[in-house]
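One structure below.
Below, chains carry the letters A, B, ... as their sequence lines are ordered, and counting in each starts from 1.
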Amino acid sequence: DTGVSQDPRHKITKRGQNVTFRCDPISEHNRLYWYRQTLGQGPEFLTYFQNEAQLEKSRLLSDRFSAERPKGSFSTLEIQRTEQGDSAMYLCASSSRFGLAGGPSNEQFFGPGTRLTVL
Amino acid sequence: DAKTTQPTSMDCAEGRAANLPCNHSTISGNEYVYWYRQIHSQGPQYIIHGLKNNETNEMASLIITEDRKSSTLILPHATLRDTAVYYCIVSRVTGNQFYFGTGTSLTVIP
C-alpha cells in the first residue's frame, strides 16, 4: 500500500496522560499536514511541514501540542496532559509540488486518521 | 484563502446525476478549486480540482463558471457508495493549508 498511513488508528487515554501519533506520508511527498476533526465538523488545519521544516502552525496548536518531522519523512504529533476537549480524529495528509496530472498542485492525500478518546 | 459556501445537505436518486454547487465569490486569480469527499469515519478523499477550465476524470466532472465565483461538482451516475460529505475548497497551489468548512452531506437514495 503506497498511501498515507497513520498509527495507531484508535487511542483511548485518561485525562492528563501524554499521547503520540505517527504519520507515514507517501514516500516522494515533501509536504506533510496535520488536521483535527471533531464530530460534525470539517477537518481543521493544525500544522504543515515542508521536508523537515515546520512552516505553519495554527492557533489551535496549543503549547501542549508538538509536531516533528525529523528526517523529512515520517512525522509525529504529541499531545501532553490530554484534556477531554482533545478528543477528535487526527488526520495526516501529504502532497508533492506536482499533482497527478504533472502540473503544479496542492492535492493533499489523507491517511485514515487516528481517533483519540480522552476519558 | 477564499472561503466557500455549500448547501448543508442534498439527496440524489441512485443512477441519476448528482450536482453539488459551491460558491467562492472571493476567489483569487491564483487559487484553485478542489473537491474532496469523506465517507463516514475515513480520511478525506481527493476527487478533482481545477483553475478555470472545466475538468473531468474517472470520478467526476468539475464545472467552473467563467467569473470563477462558483463551481459545480457532477457525479454522472450516483451510486449508494457515493453517499458522503463533499467539501469544496479553494487554495493556492503553493503548499497551503485547506479550509474545509462543513461541506454538503450527499445521500444517494435507492
Work out which heavy atom in A:L91 is nearest to a heavy atom in B:P44; give both atom names and the distance.
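Between these two residues, the closest heavy atoms are CD1-CD, 3.9 Å.
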Query raised in the report: Between B:S41 and A:R115, what is the shortest heavy-atom contact and its length?
Result: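 Nearest heavy atoms, B:S41 then A:R115: OG-NH2, 4.3 Å.
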| query | Side chains of B:F98 and A:Y35: closer than 4.5 Å at any heavy-atom pair? | reply |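 The answer is yes, as the side chains (C-beta and beyond) meet within the 4.5 Å cut-off.
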Mark yes when over 12 heavy atoms from residues, nucleotides or ligands other than [X] sit less than 6.0 Å from its [atom1]; otherwise mark no.
{"X": "A:D63", "atom1": "CG", "value": "no"}
{"X": "A:I12", "atom1": "CD1", "value": "no"}
{"X": "A:E78", "atom1": "CD", "value": "yes"}
{"X": "B:R16", "atom1": "CZ", "value": "no"}
{"X": "A:L119", "atom1": "CG", "value": "yes"}

I'd like to know if [Y] and [X] are part of one continuous hydrophobic network [Ile/Leu/Val/Met/Phe/Trp/Tyr, side-chain heavy atoms within less than 4.5 Å].
{"X": "A:L32", "Y": "B:Y36", "value": "no"}
{"X": "A:Y33", "Y": "A:F74", "value": "no"}
{"X": "B:Y86", "Y": "A:L39", "value": "no"}

Please report the interatomic distance [atom1]([X]) to [atom2]([Y]), rounded to the nearest 0.5 Å.
{"X": "A:F45", "Y": "B:Y99", "atom1": "CZ", "atom2": "OH", "answer": "8.0 Å"}
{"X": "B:Q97", "Y": "A:R31", "atom1": "CD", "atom2": "CZ", "answer": "13.5 Å"}
{"X": "B:Y46", "Y": "A:S95", "atom1": "OH", "atom2": "OG", "answer": "12.0 Å"}

Contacting moiety of A:E44, where chain B heavy atoms sit under 4.5 Å: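 Neither part, no heavy atoms under 4.5 Å.
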Would you say the side-chain atoms of B:Y87 pair up with the backbone N or O of A:P43, donor to acceptor, closer than 3.5 Å?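 Absent.
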Item to complete: Give a yes or no answer on whether the side chain of B:Y32 reaches the backbone of A:E107 with a donor-acceptor pair at less than 3.5 Å.
Response: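 No, the answer is negative, given that no donor and acceptor are paired below the 3.5 Å cut-off.
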Is B:Q45 in contact with chain A via its backbone, its side chain, both, or neither, using a 4.5 Å heavy-atom distance?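 Looking at B:Q45, nothing touches chain A.
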Take the angle between the ring planes of B:F100 and A:F110 and call it parallel below 30°, perpendicular above 60°, tilted in between.
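Perpendicular, since the angle between the ring planes exceeds 60°.
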